[in-house]
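Hydrogens, waters and symmetry mates play no part in the numbers below; they use all other heavy atoms, side chains included. All of these numbers come straight from a predicted model, not from anything done at the bench.
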Amino acid sequence: MSKIHAAITAVNGYVPEYVLTNKELEQMVDTNDEWIVSRTGIKERHILKGEGLATSDMAVPAVKGLLEKRGIGAEEIELVIFCTTTPDMPFPATANILSDKIGAVNAWGFDLQAACSGFLYGLTTGAQFIESGRHKKVLVVGGDKMSSIIDYQDRATCIIFGDGCGAVLLEPNTEGFGIIDSVLHSDGSGREHLHMKAGGSLMPASHQTVDNRLHYAYQEGKTVFKFAVSNMADVAAEIMQRNELTADDIAWLVPHQANKRIIDATAHRMGLADEKVMVNIQRYGNTTSGTIPLCLWEWESQLKKGDKLILAAFGGGFTWGATYLKWAY
Ligand code: UT7
C-alpha cells in the first residue's frame, strides 16, 4: 500500500466584526499610522468585543463553516487539536469546550501551546494520527483572542496583535498529496524575551499581579525581531534544501504574520517573488495561532491541486518551524 499522507481537505476562518484601526490606536497610545505601517505593515486588526466571548466563540463559526464545506457532521470528527495561547480558561482545554459547542461528541482533544508556531506544531501533531492510521478525521484549529492579554497602554505590543481563528481538516491521502515534511524547533532560553509573567503556577494571580499589570504579553520587540528574522528564514531554507526544492518549485509561502519585514526577509532568503507570498497582516495584524490558517482560508480559491506550499512561523518559547505540503484539492 502506498504511504498515507495527512492532507488538508477543507479550511475555514473567522475574524470578529470590530475593526481596530491605526487611527483609533492613535487615540489610545502615543503612536501614529505612519510608524505602524512602516515598521510592521499593519493597518488594522479585528477585535472580539462583548462580554462572555472567548477564543472558542471564534472557533465555532470557523469550524461550523468548515464542516459545511466538507459536507460532514461534527460527530465524524475523531480528534480536535486546538492551538492557542489564549484558551477560554486555564482548564478544561478549549478543545473540549469547542467539541461541546459544535457537537463533536465522538472526538477526544487537547490544547497545544506553542505561541505563534502553535498551528505548525498542531498540524505536525495531527498529521501523525493520520499517517499512523489511528484516525481519519482530525481537526486542527488555530485561534487566539490576543486582545485578552494585550496591554492597551503599551504601544510596542498593542499595535501588533489582533483576534482571529482558522481551522483545517486533516484526512488520509494515498496519492502523494498532503503534508510531506516538517522541521520544528524550540529554545526555551528565549522565554525571557517574550512571555506573560503572571497567571501560571510560577506567579498565580493576586491583587499585586493585577496592580503591576503582569497579566499581559511582555515582549522585547527588537530582540524577538532579530531571532524571528534569522530563524524563520533559516528553517524555510532548511526545509527547501532537504526536500530539494527550488524557488521555482514553490507555489506559495504561507508565513506567520508577525511583521511584514520578517515575512519579506524569509521570502527573500527563499528567493521568492512577492506574488508567491500570502500576506494579510495589513488587515488582521498578528493573530498568533490564527495567522497561517487564516491565510490558507483567504487564498483557498487560488490554490490548485499539487501546489507546493511552505508554511513557516516563529514565536514565543522560542518556537519556530516550517512545513512542506502538497495541496490536495
Ligand atoms: O509573533 C511572534 C513574535 N513576535 C514578533 O515576531 C515581533 C518582533 N518584533 C517586531 O515586530 C518589532 O520589533 C516591533 C514592531 C515590536 C517594534 O519595531 P522596531 O522597529 O523593532 O522598533 P523598536 O522597538 O526598535 O523601537 C524603535 C523606536 C523606539 O523609540 P526610540 O527609543 O528610538 O526613541 C520606540 O520607543 O520606536 C518607538 N516605538 C514606537 N513609536 C511609535 C515603539 N513602538 C512604537 C509605536 N509608535 N507603536
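- Residues Asp307 and Trp252 meet the side-chain proximity criterion, which asks for heavy atoms closer than 4.5 Å.
- Checking side-chain atoms of Gln113 against main-chain N and O of Ala115 turns up a donor-acceptor pair under 3.5 Å.
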Item to complete: Could you please spell out the steps behind the side chain to side chain donor-acceptor pair (under 3.5 Å) verdict for Thr94 and Thr84?
Response: CA-CA 8 Å; Thr94 310; Thr84 186; 5.8 Å; no
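- Looking at Lys145 and Asp163, no side-chain N of the basic residue comes within less than 4.0 Å of a carboxylate O on the acidic one, giving no salt bridge.
- Enclosure of atom NZ in Lys69 by more than 12 non-hydrogen atoms of other residues, nucleotides or ligands within 6.0 angstrom is indicated.
- When side chains are defined from C-beta on, Val140 counts as touching Cys83, because their heavy atoms get closer than 4.5 Å.
- Within the 4.5 Å cutoff, the side chain of Asp154 has no heavy atoms near those of the Val29 side chain.
- Between His256 and Phe314, the ring center distance fails the sub-6.0 Å criterion.
- With Asn212 contributing its side chain and Thr209 its backbone, the two residues share no donor-acceptor pair below 3.5 Å.
- Rounding to the nearest 0.5 Å places CD1 of Ile250 at 8.5 Å from OH of Tyr324.
- To the nearest 0.5 Å, atoms CD (Gln219) and CG (Asp151) are separated by 13.0 Å.
- Using a 4.5 Å heavy-atom threshold, the side chains of Glu44 and Asn22 count as separate.
- Other residues, nucleotides and ligands contribute more than 12 heavy atoms inside 6.0 Å of the CD atom of Gln302.
- The residues Arg70 and Glu171 are annotated as salt-bridged, a charged nitrogen and a carboxylate oxygen being separated by less than 4.0 angstrom.
- Relative ring orientation between Trp108 and His135 is described as tilted, the plane-to-plane angle lying within the 30° to 60° band.
- Under the 3.5 Å distance criterion, the side-chain polar atoms of Ser56 are left unmatched by any main-chain donor or acceptor of Ala59.
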Practice prompt. Given ring pair (Phe, Tyr, Trp, His ring centres under 6.0 Å), test Tyr18 with His46 step by step and report yes or no.
Written response: CA-CA 5 Å; Tyr18 190 84; His46 290 243; 9.0 Å; no
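- Rounded to the nearest 0.5 Å, atoms CD (Glu192) and CZ (Phe318) are 8.0 Å apart.
- Looking only at side-chain heavy atoms (C-beta outward), Val277 and Pro255 come within less than 4.5 Å of each other.
- In this structure the side chain of Thr323 never reaches within 4.5 angstrom of the side chain of Ile310, judged on heavy atoms.
- Residue Leu120 holds its CG atom at 6.5 Å from CG of Leu184, rounded to the nearest 0.5 Å.
- The pair Lys326-Glu175 fails the salt-bridge criterion, with no side-chain N (NZ, NE, NH1 or NH2) lying under 4.0 Å from an Asp/Glu carboxylate O.
- Glu26 and Asn32 share no side-chain donor-acceptor pair at under 3.5 Å.
- Less than 6.0 angstrom separates the ring centroid of Tyr329 from the ring centroid of Trp327.
- Under a 3.5 Å cut-off, the side chain of Asn96 and the backbone N or O of Pro92 do not form any donor-acceptor pair.
- Atoms OG1 and CG, from Thr40 and Asn286 in turn, are 10.0 Å apart once rounded to the nearest 0.5 Å.
- For the residue pair Gln257 and Thr287, no side-chain donor N or O sits within less than 3.5 Å of a side-chain acceptor on the partner.
- Judged by distance alone, the side chain of Asp144 and the main-chain N or O of Thr85 form a donor-acceptor pair under 3.5 Å.
- No donor-acceptor distance shorter than 3.5 angstrom exists from the side chain of Asp187 to the backbone of Thr319, with no hydrogens or angles considered.
- You'll find the side chain of Asn259 reaches within 4.5 Å of the side chain of Phe225, heavy atoms only.
- Checked by atom type and distance alone, the side chain of Gln128 pairs as donor or acceptor with a backbone atom of Thr124 at under 3.5 Å.
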Discussion item. Apply salt bridge (Lys or Arg N to Asp or Glu O under 4.0 Å) to residues Asp234 and Arg269 and explain how you reach the verdict.
Written reply: CA-CA 8 Å; Asp234 281 354; Arg269 176 75 174 279; 2.7 Å; yes
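- Taking the ring axis of Phe161 as reference, the NZ or CZ atom of Arg45 does not stay both within 45° of it and closer than 6.0 Å to the ring centre.
- Counting all heavy atoms, side chain and backbone alike, Cys158 lies closest to Leu25 at SG-CD2, 4.0 Å.
- Counting only distance, with no hydrogens or angles, the side chain of Asp249 and the backbone of Leu245 share no donor-acceptor pair below 3.5 Å.
- Residue-environment remark: NZ (Lys276) exceeds the threshold of 12 foreign heavy atoms within 6.0 Å.
- Pairs of residues two or more places apart, or lying in two chains, that qualify as salt bridge (Lys or Arg N to Asp or Glu O under 4.0 Å) and include a residue from residues 97-116 are Asp57-Lys101.
- For the atom pair NZ of Lys136 and CD1 of Ile4, the computed distance is 6.5 Å after rounding to the nearest 0.5 Å.
- In terms of modelled atom types and a separation under 3.5 Å, the side chain of Arg283 and the main chain of Asn280 share no donor-acceptor contact.
- A side-chain N or O of Tyr218 and one of Glu220 form a donor-acceptor pair less than 3.5 Å apart.
- Judged purely by atom type and a 3.5 angstrom limit, Asn173 has no side-chain atom pairing as donor or acceptor with the backbone of His5.
- Chaining together hydrophobic side chains whose heavy atoms lie under 4.5 Å apart places Leu169 alongside Val60, Val63, Leu66, Leu67, Ile72, Ile77, Val80, Phe82, Leu98, Ile102, Leu139, Val141.
- Between Tyr121 and Trp320, the gap from one ring centroid to the other reaches at least 6.0 Å.
- Under a cut-off of 6.0 angstrom, the local environment of CZ in Arg242 is crowded, with over 12 non-hydrogen atoms contributed by other residues, nucleotides or ligands.
- The neighbour count for Met28 CE, taken as heavy atoms of other residues, nucleotides or ligands under 6.0 Å away, is above 12.
- Within the 4.5 Å cutoff, no side-chain heavy atoms of Ile262 are placed close to those of Lys260.
- By the 6.0 Å contact criterion, CZ on Arg191 is open, its count of non-hydrogen atoms from other residues, nucleotides or ligands being 12 or less.
- Residues Glu34 and Arg39 are not paired through a salt bridge, judged by the lack of any N-O separation under 4.0 Å between the basic side chain and the carboxylate.
- Counting non-hydrogen atoms of neighbouring residues, nucleotides and ligands closer than 6.0 angstrom, the CD atom of Glu24 exceeds 12 such neighbours.
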